[in-house]
Amino acid sequence: MTHEHRITERISAQLNVRPTQVAATITLLDDGATLPFIARYRKEATGSLDEEQIRHIMTEIARLRALDERRAAVIASVAEQGKLTPELQAQFEAAETLTALEDLYAPYRPKRRTRATIARERGLGPLADLILAQPTGSQPAEELARPYVGDEVPTPAGALAGARDIVAEAISDHAAVRGRLRERAMQVGVLLSRRIEDAADEKGVYTLYYDFALVVPRLRPHQILALNRGEAEKVLRVAVEISEAEWLLAVRAHFRPDRRSPLAEQLQLAMDDAAKRLLLPAVERDVRRALTDTAERHAIAVFARNLRALLTQPPLAGHTVLGIDPGFRTGCKVAVLDPTGKVLDTTTIYPHPPQKKSDDARRVLSDLITHHGATLIAIGNGTASRETEQLVAELTRDRDGLHYVIVNEAGASVYSAGTLARAELPDLDVSMRGAVSIGRRLLDPLAELVKIDPQSIGVGLYQHDVDQKELAGALDGVVESVVNQVGVEVNTASPALLAHVAGIGPKLAGAIVAHRDGHGPFPSRAALRGVAGLGPRAFEQAAGFLRIRGGANPLDAGAIHPESYPLAERVMARTGVTGEMTAAEKQARLDKLRGDWEIERLAAELGAGVPTLTDVLDQLARPGRDPREEAPPPLLRSDVLSLADLRPGMTLSGTVRNVVDFGAFVGVG
């Protein structure tokens with residue numbers, strides 16, 4: 001069985017799918033197809049695997065190929081040393097994780113000079129082998145060591161000490177010993193934490209961990225990350241405690257002193273030294289690393305889940321919005337936006353200390369609302385948000401049809417100072433751009449939030465403590481997934497939004513916008529072929545996710561891929577469905593087709609696969625459907641709550657901002 005075939009079999013077992021599905025997905029990925037394209041438009045090939053399954057295949061194929069690459073390097077290294085036996089090669093080939101492979105390689109890995117390597121250089125290797133062999137006899141240990149005495153090793157005791165160093169390293173490097181002890185440490189080890197004497201922790205952030213002990217399997221991800229941070233900030237001293245009984249069992253399974261041997265005590269001393277100086281510290285590092293990896297993966301998954309929830313908030317289309325970036329000394333920045341996000345007006349009001357011009361602020365806001373017909377006010381949730389909300393609530397109480405929403409402004413300042421904001425809003429100062437961003441986050445959260453580095457959006461758990469490359473990759477995957485699920489209107493989208501469309505990226509996004517600016521709106525998807533640098537492969541990957549509403553071909557407004565237009569046209573001809581019909585009329589005709597035919601027979605009749613035909617029928621009924629419409633809309637408010645208003649037993653509607661291990665953060669007003 002080849003490595004690739006073994007990889008395919010292994011992944012198919014993990015996902016409980018057929019190996020042919022995995023093999024087809026791997027082939028598509030290797031050919032350069034993107035994840036969103038494979039998930040939506042290659043269902044026949046993959047057996048309709050979903051995005052999560054395909055992402056798992058992507059991750060696993062990369063990990064297993066890296067393991068195979070390392071395996072080949074290890075085998076080559078051991079072979080070069082002349083120590084590769086068929087048995088050892090079989091062990092290397094059977095290793096299923098990088099940890100298992102490195103454990104097997106440990107005795108053969110070129111090392112820096114250690115006590116053991118120095119002892120070997122002094123010719124004490126055969127004496128170490130003798131200690132390991134535990135020969136019986138009456139000759140004492142010192143006499144057995146005497147032949148190894150010389151200029152560099154002047155005494156038998158010195159020879160025995162050097163030989164014990166070699167034995168200790170051999171014990172520590174033994175794959176089965178280390179693997180068994182690591183496994184037991186993960187099951188029954190205890191993680192301890194103590195405060196370092198006189199360590200600075202003025203706010204008592206780490207009070208819970210000043211005198212902390214918990215068995216390893218019961219540790220929660222947020223506890224591990226907190227302990228790691230406390231250790232990095234030199235507030236806490238953290239260790240993993242493994243009982244003597246555990247390490248003795250692990251070592252004695254493979255190294256057992258023979259009481260009849262004069263070298264029994266030497267092996268026992270070497271075992272004690274191996275455990276305390278080499279094995280336990282190494283296993284502790286392995287356990288800490290494994291715990292951290294698990295905690296980081298969990299934290300990244302939490303961040304990704306919260307980011308997806310944030311990006312899939314439904315847009316509040318059709319509103320003229322007043323965006324307010326609250327502040328005290330520098331005032332509240334106010335921007336009025338039309339339903340497309342275009343800036344209509346800007347001003348600054350000073351209702352709070354030190355100026356306290358609340359009457360002027362009310363008058364200015366009231367005039368802006370009346371003049372522009374504003375129906376919605378977006379208030380950033382940062383400094384002075386509470387005070388600004390009270391001011392806005394007074395205005396909304398007196399006006400029907402006017403509401404406000406508290407908007408998470410995380411990342412708005414990062415966007416405001418960036419090159420994209422300067423290009424989009426060159427005539428506004430940095431702080432006013434923040435008010436525009438806050439307002440636009442209500443009109444279309446996805447279109448606005450893709451302009452901001454996901455790590456600045458602030459819905460994570462210990463986001464700065466985890467592997468930043470892994471985090472960025474996971475978050476970029478979420479953004480890509482959501483953007484392609486929703487689809488992008490190619491004639492109005494910003495370069496930031498276009499860059500996340502499958503197969504495009506920042507360079508092509510810039511080329512599309514430049515072509516749009518130079519030649520006017522794209523009349524059809526086919527016209528995208530005229531963009532410099534957008535070749536057949538990029539068009540294939542991207543076309544289905546790009547929307548052109550009101551163009552020459554009504555199918556360009558939906559999620560049917562151009563390669564399936566002939567199929568869609570055959571269905572339309574058979575059912576009489578046209579673009580001018582109401583959704584109900586289309587649905588009725590398409591339902592009749594489904595009722596008259598079994599889907600498998602219809603697919604065969606039309607020369608299509610069942611998954612593609614099903615998607616085409618769904619899209620013809622509801623072209624370009626936005627999946628965000630199924631999510632509950634933001635809560636519109638017209639009055640403000642204070643803690644004094646709350647009573648036990650009250651039922652409140654709230655907005656879930658963030659969900660982490662220890663609870664959820666919910667805004668209730």
Side-chain angles (χ1 to χ4, degrees), residues 73-92 95 100-181 247-283:
V74 162
I75 291 171
S77 171
V78 178
E80 195 177 319
Q81 297 171 40
K83 298 176 181 176
L84 187 64
T85 63
E87 294 78 17
L88 186 56
Q89 173 142 1
Q91 287 181 305
F92 285 142
L101 181 65
E102 295 296 349
D103 279 354
L104 289 167
Y105 182 47
Y108 308 97
R109 185 186 294 110
K111 294 180 173 69
R112 59 180 175 79
R113 278 171 62 79
T114 63
R115 284 162 50 172
T117 56
I118 293 167
R120 284 194 189 92
E121 290 167 3
R122 292 174 176 171
L124 298 173
L127 181 57
D129 292 340
L130 208 56
I131 293 174
L132 287 167
Q134 291 289 283
T136 56
S138 58
Q139 198 173 10
E142 287 73 14
E143 289 304 314
L144 292 171
R146 197 167 297 281
Y148 301 95
V149 171
D151 291 342
E152 291 185 309
V153 187
T155 65
L160 289 168
R164 290 198 304 271
D165 287 340
I166 297 172
V167 173
E169 191 171 272
I171 293 169
S172 176
D173 284 346
H174 194 281
V177 170
R178 186 174 290 202
R180 164 70 190 268
L181 188 55
W247 70 254
L248 273 172
L249 279 171
V251 173
R252 284 187 173 176
H254 301 276
F255 301 90
R256 186 176 289 276
D258 187 336
R259 283 179 291 183
R260 298 168 299 170
S261 173
L263 294 173
E265 184 187 4
Q266 299 301 315
L267 182 55
Q268 185 62 57
L269 289 169
M271 286 165 54
D272 291 347
D273 179 45
K276 290 164 186 170
R277 182 169 60 87
L278 301 171
L279 189 56
L280 289 171
V283 167

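Source: prediction; values computed, not measured. Keep in mind that the numbers below use all heavy atoms, side chains included, and drop hydrogens, waters and symmetry copies. For reference, positions follow the sequence shown, starting with 1.
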**Prompt:** So do the side chains of Pro135 and Ser261 get within less than 4.5 Å of each other, counting heavy atoms only?
**Reply:** yes

**Request:** Return the minimal non-hydrogen interatomic distance between Pro156 and Ala145, and the atom names on each side.
**Result:** O-CB, 3.8 Å

Name every donor-acceptor pair, under 3.5 Å, that has one atom in a side chain of residues 267-282 and the other anywhere in the protein, sequence neighbours excluded.
| from | atom 1 | to | atom 2 | distance (Å) |
| --- | --- | --- | --- | --- |
| Gln268 | OE1 | Arg252 | NH2 | 3.2 |
| Gln268 | NE2 | Asp272 | OD1 | 3.3 |
| Asp273 | OD1 | Arg277 | NE | 3.0 |
| Asp273 | OD2 | Arg277 | NE | 3.2 |
| Asp273 | OD2 | Arg277 | NH2 | 2.9 |

**Prompt:** Hey, does the side chain of Thr117 reach the backbone of Thr114 with a donor-acceptor pair shorter than 3.5 angstrom?
**Reply:** yes

**Asked** Is there a side-chain contact between Trp247 and Val177 (heavy atoms, below 4.5 Å)?
**Response** no

**Prompt:** Does Gln89 reach the main-chain N or O of Ile75 with its side chain, forming a donor-acceptor pair under 3.5 Å?
**Reply:** no

**Asked** Should we say atom CD of Glu80 is surrounded by more than 12 heavy atoms from elsewhere, each under 6.0 Å from it?
**Response** no

**Item:** Atom of Thr136, atom of Arg260 and distance for their closest heavy-atom approach
**Value:** CG2-CB, 3.8 Å

**Asked** Any side chain to side chain donor-acceptor pair (under 3.5 Å) pairs touching residues 170-180, not counting sequence neighbours?
**Response** Lys111-Asp173, Ser172-Arg178

**Asked** Roughly how far, to the nearest 0.5 Å, is CZ of Arg113 from CD of Glu121?
**Response** 4.0 Å

**Asked** Nearest heavy-atom pair of Leu181 and Ala250: which atoms, and what distance?
**Response** CB-CB, 4.0 Å

**Inter-residue atom distance Arg122.CZ - Glu152.CD, 0.5 Å rounding** = 5.5 Å

**Message:** Go through it in stages, so that I can follow the logic: the residues are Glu169 and Arg115, the test is salt bridge (Lys or Arg N to Asp or Glu O under 4.0 Å), and I'd like the CA-CA distance, side-chain angles, deciding distance and then a yes or no.
**Reply:** CA-CA 9 Å; Glu169 191 171 272; Arg115 284 162 50 172; over 6 Å; no

**Request:** Please name the pair of heavy atoms, one in Tyr148 and one in Gly123, separated by the smallest distance, quoted to 0.1 Å.
**Result:** CD2-O, 3.6 Å

**Message:** Between Arg259 and Glu265 (salt bridge meaning N to carboxylate O under 4.0 Å), is one present in this structure?
**Reply:** no

**Test applied, side-chain contact (heavy atoms from CB on, under 4.5 Å); reference residue, Leu160; option that passes from Asp165, Val153, Leu127** = Leu127

**Prompt:** Looking at Pro147 and Glu143, what are the two nearest heavy atoms and their distance?
**Reply:** CD-O, 3.5 Å

**Within-4.5 Å side-chain heavy-atom neighbours: Leu88 and Tyr108** = yes

**Prompt:** Shortest non-hydrogen contact from Ala163 to Ala128?
**Reply:** O-CB, 3.6 Å

**Asked** Taking atom CD of Gln91 and atom CG of Leu104, what is their separation to the nearest 0.5 Å?
**Response** 5.5 Å

**Request:** May I ask you to decide if Arg256's main-chain N or O and Gln134's side chain share a donor-acceptor pair within less than 3.5 Å?
**Result:** no

